[in-house]
Every structure is written in C-alpha cells, then in structure tokens.
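Residue numbering restarts at 1 for every chain, and letters A, B, ... go by the order of the sequence lines.
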Number of protein chains: 4
Amino acid sequence: MARTTDGSGTPVPQRLLAAATRLFAEQGYDRTSVQEIVEAAGVTKGALYHYFGSKEDLLQEVYARVLRLQQERLDAFAGADAPVEERLRGAAADVVVTTIENLDDASIFFRSMHHLSPEKYKQVRGERRHYHERFRALIEEGQRSGVFSDATPADLVVDYHFGSVHHLSTWYRPDGPLSPQQVADHLADLLLRALRP
Amino acid sequence: MARTTDGSGTPVPQRLLAAATRLFAEQGYDRTSVQEIVEAAGVTKGALYHYFGSKEDLLQEVYARVLRLQQERLDAFAGADAPVEERLRGAAADVVVTTIENLDDASIFFRSMHHLSPEKYKQVRGERRHYHERFRALIEEGQRSGVFSDATPADLVVDYHFGSVHHLSTWYRPDGPLSPQQVADHLADLLLRALRP
Amino acid sequence: MARTTDGSGTPVPQRLLAAATRLFAEQGYDRTSVQEIVEAAGVTKGALYHYFGSKEDLLQEVYARVLRLQQERLDAFAGADAPVEERLRGAAADVVVTTIENLDDASIFFRSMHHLSPEKYKQVRGERRHYHERFRALIEEGQRSGVFSDATPADLVVDYHFGSVHHLSTWYRPDGPLSPQQVADHLADLLLRALRP
Amino acid sequence: MARTTDGSGTPVPQRLLAAATRLFAEQGYDRTSVQEIVEAAGVTKGALYHYFGSKEDLLQEVYARVLRLQQERLDAFAGADAPVEERLRGAAADVVVTTIENLDDASIFFRSMHHLSPEKYKQVRGERRHYHERFRALIEEGQRSGVFSDATPADLVVDYHFGSVHHLSTWYRPDGPLSPQQVADHLADLLLRALRP
DNA sequence: AATGAATGAGTTTTCATTCAT
DNA sequence: TATGAATGAAAACTCATTCAT
C-alpha cells in the first residue's frame, strides 16, 4: 500500500516526476515551486525529499529519461541495415516525431538545461554531445561515400537540423494542420535535399 | 550631468540596459536579481525604478531593441532590387551574422521570452510573427516563380531556418573555427540548397 | 511540541495573533511591519506565513474573533426572557463593557477596517450589518409596543449608540475615574432616556 | 502667472491641499503617496516641498482648517442670546451638518490623527480638547440651571454626542434617505431627549 | 515511508526626501 | 518658483530545505 496513496496505483516517485515535468514545461523551472509539485502529485514535501535529493535532481531525472530514450532510438536507426540516406532520413524524421510526442520534455530540455549546477550540466552536455556525434557520423559516412554533398561541414549540418528540432516546442501545436509524421517527413526531406550533391 | 555619475559618460538608463542584457544572457532572467543589475550599472535600486517600471520592463526593452533592428535589416534585404534567390540568401545570411554579433540579445530572446507577462508576451509575439511573415513572403515569391521548390510549405521552411538561428546561441563560440560570416554563408547555403527545385 | 518553542506553551498562531493585535492597536495596521510582529511573537517570518496567508489575513482573524464574541453576547441578551427595555439596556451596556475589556480589538476594528481588501471588507461589513440589525430589531420592538418613542428612526438610534461605542477607544483610559461598568451604565442610561416616549 | 500653471487659476498650495484631502480621505494617509498627491494637483514633487515641509505638514494643514472652522461655528452658537437648550440644540445640530458637508475632512480627522508626530498630535489634541470643553460648558450650564438632567457627567454626554458625529463618516451617504439637516435634527433631538430631567 | 512546522536568506518594489540646476 | 534624477532604508512576501516525530 505504501507508495500508492492515491487511487491511481502509480508509485510516488513517478507521480512526482510526471507532475514536475508538466509544471516545468508550463511555467519554467524557476517559476515552479516545490510546493506546487507536491500538491500536483498529491504528496507532501517530506515525501519528495525522501525520494529526490533536491529540486534539481528532479530536473536531471527528466533529462536522463529523455536522453536515454533518444539515444536508444538513434542507435536503432543508425545501425539498421539500409543505405545511408535511408538511415539518416529515418533518424532525422524519428527525432522529430518523438520530440513532438514529448513536447513537454523537449521544452524543458532546451529552456532549463542551464539551470543545472555546473557539474550536472557538464554531464548532460556530455551525453548530448555523444548523441550529436552519432548523428554526425551518419552524415560524414554519406559525405565520404559521395551520397551527400560535402559543401557544408557535417557539424554545421547537425546543428542546422537540431536547431529546427529544438524550435518545435516554440511553434508546433497538436491542433495545427500537420500531423507529427507529416512535419517529420518535411523536415527530414529538407535535410536530405540540402545534402544533395 | 546628473545622468552620468560614473566616468563613462553613458546615461543611466543605457547603463542599466547594458548591464541587464549581459546578466540576463549569462544567468537567465529569473536568476538575475535587481540588486545585481544595479550593482553592475553602478547605481541604486531607486534609480532603476525611476527609469523602468519593473524588472520585466527592462526585459521588454531588450526585446524592443532587437526586434527593431532585425526588422529594419530584413526590410532592406527583402526590398532590394535583385533576383529573389539573391535577396533570400542575403536576408538569411544577414540574420545569422547580426544574431551572432548580438548573441546576448539572442539568448535572452529565445530563453526568456516566456517570462514576460501575457500581454507583453502577446505584443512581442505579434511583432515576431510580422517578421516571420515578411520572410515567408520571400520564399513564397520564389516558389510561385518556380525558382524554389514548393515541396515544403513556406511556413515550415521559415521555421526550419529560424530554428537554426535560435540554436546559434547554444553552440556558437567566438573562438571557434568559423567566422560569423562563414557560418552565415553555410547556413544560407543549406537553406537555398534545400529549396532547389 | 514544535508549536511551542518559547516558554509560554502557547501555540505559535495564537502568539502571532496576540502580538499583531497589540501592535495594530498601538501603531495602526500600516505602521506595523511583519518584522515587528514576528519579533514580538518570538518566531520567524516563515512561521507567520506558514499559518497566515498574508498580513491582511492576520487582521481579518482579529475581526473574526471580535465579531463572533459580540454576536454571541448580543444574541444572549436580546433573546432573554425579560421586558424589552431591560433587554435593550442589558445589551447596550454589555457591548460597552466588552468593548472596554477589549479596547485593542476595538481600536483596530474602527481604525483599520478599511485596510482590508474589498472582498474581505465586504464580508466583515456584512457580518457587522447583521449585528446592527439584531440591535435595531430590539429598538423597533420597543417602538411598536409603545415602550420607546418612535420620534427617531431605529436605524439612526443604532448609529447614535454605536458611535459612542466606537468612540470609547479614543477617550477611555483604564486609570480614569469611571469603571467599565459605570461607563456602560451611563451610556445605556443615555440611550434609554433618549428613547423615553 | 506663477502659482497657477493650470487653467483653474487656483494657487498651487491650495491645489495641493485639496488633492491631499481627497486622497487621504479615500485611501488613508499611509496609503497615499506624495507622488499621487502631486499628480492629482498637477505639479511636481519639488513644488510640494517648496510649500510644505513634509507630507505630515499637509495632514496638519487639513486639521488646522477643520479645527478653525468648527471652533468658530461653535463659538457663534454657544455665545448666542437664547435659552441654553436652544443654544445646545443649535450647536449640536450644526456640528452634524458641517461634518456631513465636509465628510472628507472628518474621515481624515478621525482616522489619521494618530499618524501625526507626537508633538503635532499633542497640539491638535489640545485644540480639540478646548473645543470639547466649550461644548461641555454648555451642558453644565443647563445642568446647573436644572434645564438638563445631571444624572450623567457632562463629560460623558459630550463624548456620547461626538461619538455619533465621528461615526457619521462610516455610515452617512449623500444619496441616502435623509438630508444632512434631517440627520442633524434627529441627532440633536436624541441628545436633548437624553438630557431631559 | 512520510509529515508539516519552522527556518533564514532571498526576492521585487515603494517611497519620502534631497539637491543641483 | 520649480524640476526631476537619485537616494537608501524599509516594506511584504517566497521558497528550498531541514528535522523531530
């Protein structure tokens, strides 16, 4: 019975994480008080500090979850058995779809990363860099094999694409004219067209 | 004379604005206290509140300045007497250069916009939309005349490019290998290559 | 036990309320800072805001207590089994005695009521009106039965009497020549003499 | 041209006093800022401090005006050539009428007196006491000659009546059913009825 | 595993007053 | 006679965190 004092049956730590994610996305990290989080999760402050060392830990947990998910998906697409342009297109479109499907996490990621303490920030940045490098390797592979133009450094191309991914949380609305998959296809298409030799 | 009590000769409001811009960019809006701003500007809190109604007004002033500047430059490029692909390339590269030259303003813009009160937020968004529409019109003009591919809606193309512009403040470092102009040329190039029919 | 960190054994909220009452009466609501209140109560600001939502809430609590007390006493006197002139005399004298015995509350009541926010003010006024109406009903009862003169509207008579009650905090001094009961008897006497047919 | 920079032709000090009176009555002394006063009067802060030494001086000026007026009127009524009950009735009714006609001044008087510094407060209290004594003398005169009952000390009777006068600003509304004169007649009547032997 | 009272340093903002001009 | 920039002290309130239970 412990850990699940409300009707939902969801364990307390997950309830806290879900509440924090929503509130951080809606109001920003600094504007969200610990009090609001525990109220939204239906627990008390003591419970939060029982499971998480600090408010910042909560934020880091959100990141950890997102990073893990995205890295797994990228690995799957990049390691597939298919021509490089198909693998890149698949990965580029997939990150768009999963970002849209977790827009809250994405908003938090790009808005609140700098609220982490230097050491945690460094760690997250490291994992992020690793992710980017995997993506870049895909582009370089295509450039070496002549499938992609090498007019632009692969680094810059990666930033060009991820810029548009970050930007999604600014403009994408679920009730807009395009489905997540349509947006993803368009953005992947733009990337591949830009890379045509 | 009362307006320039330190050696610089710079009027107090401008000193405050400069200090606030730097601090907001470095630490974020919420993490910057009014106390820090006035200390950096070498005045007292009373002086700040003599010129600005609130901390938020200071933030809005930063925006107003950036928006004004960018709108002016876009108008100049878009209205030039040249083929549409040259005008688009010029505008697309210019916004990258001026963004890099004012990276502080840009960081603030994309990170702290949501800290404005609803009404001020709406106003800034409105001006921003106007700016985007001017840019989109350029792309649509090229699509209609067949110079650009119309495979992707112009709206999405605009967001694709501005995503990368916003993203600059995340990765661009003045001591990196590329000059602002080189980055700008590469990004404009990617845009125009993606638009090739 | 956490609630009684000083020697007195009195719970923190009551200590705060007592300190606030005394200070509001002595200095007025606006002139009393939250800092002064918590110092007088021997706690910290955080503790105050743990129990009371705002400084204004503290003020309203003072009112609530007074209103409750006075309403109870009036009900007892008005509902007694005795001729109307005795019931009115009893009630009129009693409100004087209890006002003198709680002069601090009374000063606050008549000086600081208008410092409440419009909604809270309205609520207090409502309860106050209810109290006045009970008193007026007593006078009207006597007027109808011919025991009291009806030369003056009952409303005005109520205001006449309560004017003098409010006024007590301006002039009454515990070390003066008259005891609370003597003052009460005199004022009730004036009221009943004025009502003689 | 100096002293009358707006269209009204009213000298600046009087404009300031009028603005301050209205604002003090509406919002209370502490809640009214010097800035609000000068804006309402259409001048700047420097002008205010040119004419008045402090915000408190403004308050004292309001008092001085009221006290002077009321003392003059009381002297006229008390010194008239008429039976004492007519003189008392006249004075008692007159103070009600003039209070209603200057309700702003009255509100300020009874609410903000204690905001004066100790020395100014003492001075105003002194003048006020002098006024009360003149009124009391009238009652004592009637008591000695047997026209009024001496069951109640004259002091208390004065406080009884002035309590209701102070109270006027709490309940009297210009759009109510009774004219100032009617209210005055009723209250004077109550006083004299209470004093019947 | 969880409570909730209490802390104390921090926040933005207000304001009467001064003074060089 | 009047300006308005600037001061500096104080205001109410917030909040992440701790800890005895």
Side-chain angles (χ1 to χ4, degrees), chain A residues 1-5 11-13 29-38 42-58, chain B residues 1-5 11-13 16 30-38 42-58, chain C residues 1-5 11-13 16 30-38 41-58, chain D residues 1-5 11-13 29-38 43-58:
Chain A
M1 253 323 247
R3 311 172 66 100
T4 58
T5 51
V12 167
Y29 177 77
D30 276 336
R31 303 263 166 131
T32 302
S33 71
V34 168
Q35 189 60 41
E36 283 176 294
I37 297 170
V38 298
V43 301
T44 60
K45 279 191 203 171
L48 186 152
Y49 281 95
H50 182 72
Y51 291 108
F52 298 92
S54 67
K55 186 184 169 188
E56 207 192 336
D57 279 6
L58 226 31
Chain B
M1 257 325 238
R3 305 168 64 100
T4 57
T5 51
V12 166
L16 284 164
D30 275 336
R31 301 269 164 125
T32 302
S33 73
V34 169
Q35 188 60 42
E36 284 176 293
I37 298 170
V38 299
V43 300
T44 59
K45 273 188 222 177
L48 186 154
Y49 282 95
H50 182 70
Y51 291 107
F52 299 92
S54 66
K55 186 184 168 188
E56 204 192 337
D57 278 8
L58 225 31
Chain C
M1 257 323 237
R3 306 168 65 97
T4 57
T5 51
V12 167
L16 283 164
D30 276 336
R31 301 271 164 125
T32 302
S33 73
V34 168
Q35 190 59 42
E36 283 176 294
I37 297 170
V38 299
V43 300
T44 60
K45 268 188 231 178
L48 186 154
Y49 282 96
H50 182 70
Y51 291 107
F52 299 92
S54 65
K55 185 183 168 189
E56 206 192 337
D57 278 7
L58 225 31
Chain D
M1 252 328 247
R3 309 175 66 101
T4 58
T5 51
V12 167
Y29 177 76
D30 276 334
R31 304 263 166 129
T32 302
S33 72
V34 168
Q35 189 60 41
E36 284 176 293
I37 298 170
V38 299
V43 301
T44 60
K45 279 190 201 169
L48 186 153
Y49 281 95
H50 183 73
Y51 291 108
F52 299 91
S54 67
K55 186 184 169 188
E56 206 192 335
D57 279 6
L58 226 31

| field | C:L16 and C:P13, any side-chain heavy atoms less than 4.5 Å apart | value | no
| field | Atom-pair distance (CG on C:L58; P on F:dA12), nearest Å | value | 11 Å
| message | Determine whether C:T44 and C:V38 satisfy the following criterion, side chain to side chain contact (heavy atoms under 4.5 Å, CB included), listing intermediate values before the conclusion. | response | CA-CA 6 Å; C:T44 60; C:V38 299; 5.9 Å; no
| request: Tell me the partner of E:dA20, counting only Watson-Crick (N1-N3 plus N6-O4 or O6-N4) or G-U wobble (N1-O2 and O6-N3) with both under 3.5 Å; none if nothing fits. | output: F:dT3
Can you tabulate the close N/O pairs, meaning under 3.5 Å, that link protein atoms to atoms of nucleotides 9-11 of chain E?
none

| task | Look up atom CD1 in C:I37 and atom CD in C:Q35, then write down how far apart they are to the nearest 0.5 Å. | result | 10.0 Å
| task | Can you tell me the distance, in whole Å, between the CG atom of C:L48 and the P atom of E:dA6? | result | 11 Å
| query | For E:dG10, which nucleotide is its Watson-Crick or G-U wobble mate, given both distances must be under 3.5 Å? | reply | F:dC13
| message | Using OP1 and OP2 only, check whether a side-chain N or O of D:Y49 sits under 4.0 Å from F:dG4. | response | no
| task | Would you mind telling me which residue lines up with the more 5' stretch of DNA chain E, D:Y29 or C:T44, judged by nearest nucleotide? | result | C:T44
| Could you give the CG-to-P distance, from A:D57 to F:dA16, as a whole number of Å? | 14 Å
| field | Trace of the side chain to side chain contact (heavy atoms under 4.5 Å, CB included) decision for A:Y49 with A:V34 | value | CA-CA 10 Å; A:Y49 281 95; A:V34 168; 4.0 Å; yes
| task | State whether D:H50 places a side-chain N or O below 4.0 Å from either non-bridging phosphate oxygen (OP1 or OP2) of F:dT1. | result | yes
| Expressed in angstrom and rounded to an integer, what is the separation of C:L16 atom CG from F:dC13 atom C1'? | 15 Å
| request: Starting from P on F:dA12, measure out to CZ on C:F52 and report it in whole angstrom. | output: 16 Å
| message | My understanding is that a pair needs two contacts under 3.5 Å, Watson-Crick or G-U wobble. By that rule, which nucleotide pairs with E:dA1? | response | none
| message | Among D:Y51, D:F52, D:Y29, which residue satisfies the side-chain contact (heavy atoms from CB on, under 4.5 Å) criterion with D:L58? | response | D:F52
